[in-house]
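Shown next, in structure tokens, is the structure this report addresses.
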Amino acid sequence: MLVPRSVPAVVVAGNWKMHVSPDDAREFLDAFSPRRGPGRPQVAVFPPAISLLAAVTSAPSWLAIGTQNIHWEARGAFTGEVSAPLALAAGATHTLVGHSERRHLFGETDSDVARKTAAAVHHGLVPTVCVGETLAERHAGRVSEVILRQLDAALECLAGQETQFLLAYEPVWAIGTGETATPQDATEAHSVLRHRMREQLGDRADQVSILYGGSVKPDNAAELMAADDVDGVLVGGASLDPVSFVRIVDAAPDR
Ligand code: PEP
């Protein structure tokens with residue numbers, strides 16, 4: 001479990017998307033050996049559901065394992081879905097919610113994301129709520145409006161709770177495209193999110209890690225993680241190779 005602190009922890013997380021079989025997960029974790037020690041970042045990976053158990057059983061104790069998505073119901077006739085209690089029973093401690101691929105390819109709405117966030121919190125999975133604007137929304141000057149609308153929907157169920165959660169700012173135009181937001185773009189968006197969380201959650205907002213995601217690679221990770229209000233990164237493609245993911249984790253600042 002990623003441990004809550006009085007300042008946001010630096011967190012480096014890998015989203016394996018629809019890659020990494022159970023055997024691949026075991027092989028990856030055998031080879032994955034970033035620098036550890038006091039002040040080093042918290043690290044998590046999000047395997048596909050079919051590889052969750054293999055990852056849980058092969059992971060070192062410092063590595064958090066999560067699902068990429070959950071259903072808001074605890075059980076029932078929802079073919080193809082995974083619930084928070086099932087994820088917990090398989091050993092997950094975390095889950096992504098509202099990843100842009102879920103929103104844009106599978107039609108997830110803000111209210112779906114809010115229900116998933118509420119389910120995660122209710123059952124004791126730590127949610128990483130993903131928000132981010134499309135390129136058209138950025139060009140229309142709507143970044144703050146869009147990410148605050150997405151955040152507000154999730155905050156409704158988080159405001160009254162003492163629970164731990166993370167945010168990931170992932171501009172849709174930067175995911176899997178090789179286009180990265182500048183550190184300044186990331187800081188601006190993260191500050192907007194932090195400010196709204198302070199209004200809604202008070203001092204608790206200062207403990208929430210806000211990760212940047214979108215074409216993070218070993219070569220740009222250090223600069224992004226050094227930016228103000230960037231408390232780590234959520235990495236897709238570059239988290240699939242243990243050597244590249246180790247370089248990203250090792251690029252995180254001590255905190
Ligand atoms: C992601 O899937 O969350 C992501 C940021 O992907 P990539 O790093 O490949 O852009």
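Only this structure's heavy atoms are used, side chains among them; waters, hydrogens and symmetry mates stay out. Atoms within each ligand, like the ligands themselves, are counted from 1 in listed order. Position 1 is the first residue of the sequence, and the numbers go up from there.
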Which ligand 1 atoms are under 4.0 Å away from a heavy-atom of Gly214? 5 (C), 10 (O)

Is the closest heavy atom of His99 to ligand 1 under 4.0 Å? yes

The single option from Arg255, Gln42, His190 that satisfies side-chain hydrogen bond (donor to acceptor under 3.5 Å, both in side chains) with Asp231 is Arg255

Quick test: of every protein heavy atom, which one is nearest to atom 5 (C) of ligand 1, and how far off is it to 0.1 Å? Glu170 OE2, 3.1 Å

Distance from atom 4 (C) of ligand 1 to nearest protein heavy atom, with residue and atom: Gly236 N, 3.6 Å

Are more than 12 heavy atoms from other residues, nucleotides or ligands located less than 6.0 Å from atom CG of Leu135? yes

For atom 10 (O) of ligand 1, closest protein heavy-atom neighbour: Gly176 N, 2.6 Å

Please determine if Arg198 and Asp203 form a salt bridge, counting it only when a charged side-chain N lies under 4.0 Å from a carboxylate O. no

Asn15 N/O to ligand 1 N/O under 3.5 Å: yes

Do Ser215 and Thr180 have side-chain N/O donor and acceptor atoms under 3.5 Å apart? no

Side chains of Tyr169 and Glu133: any donor to acceptor distance under 3.5 Å? yes

For Ala174, which part has a heavy atom under 4.0 Å from ligand 1: side chain, backbone, both, or neither? backbone

side-chain hydrogen bond (donor to acceptor under 3.5 Å, both in side chains), paired with Thr95, selected from Asn69, Thr67, Thr128, Thr117: Thr67

Close-contact set for ligand 1 against Ser215 heavy atoms, below 4.0 Å: 7 (P), 8 (O), 10 (O)

Between Glu73 and Arg115, is there a side-chain N and carboxylate O pair less than 4.0 Å apart? no

Given Glu101, Lys217, Lys17, identify the one with the heavy atom nearest to atom 6 (O) of ligand 1. Lys17

Need the ligand 1 atom indices (1-based, order shown) with element for anything under 4.0 Å from a heavy-atom of Gly237. 7 (P), 8 (O), 9 (O)

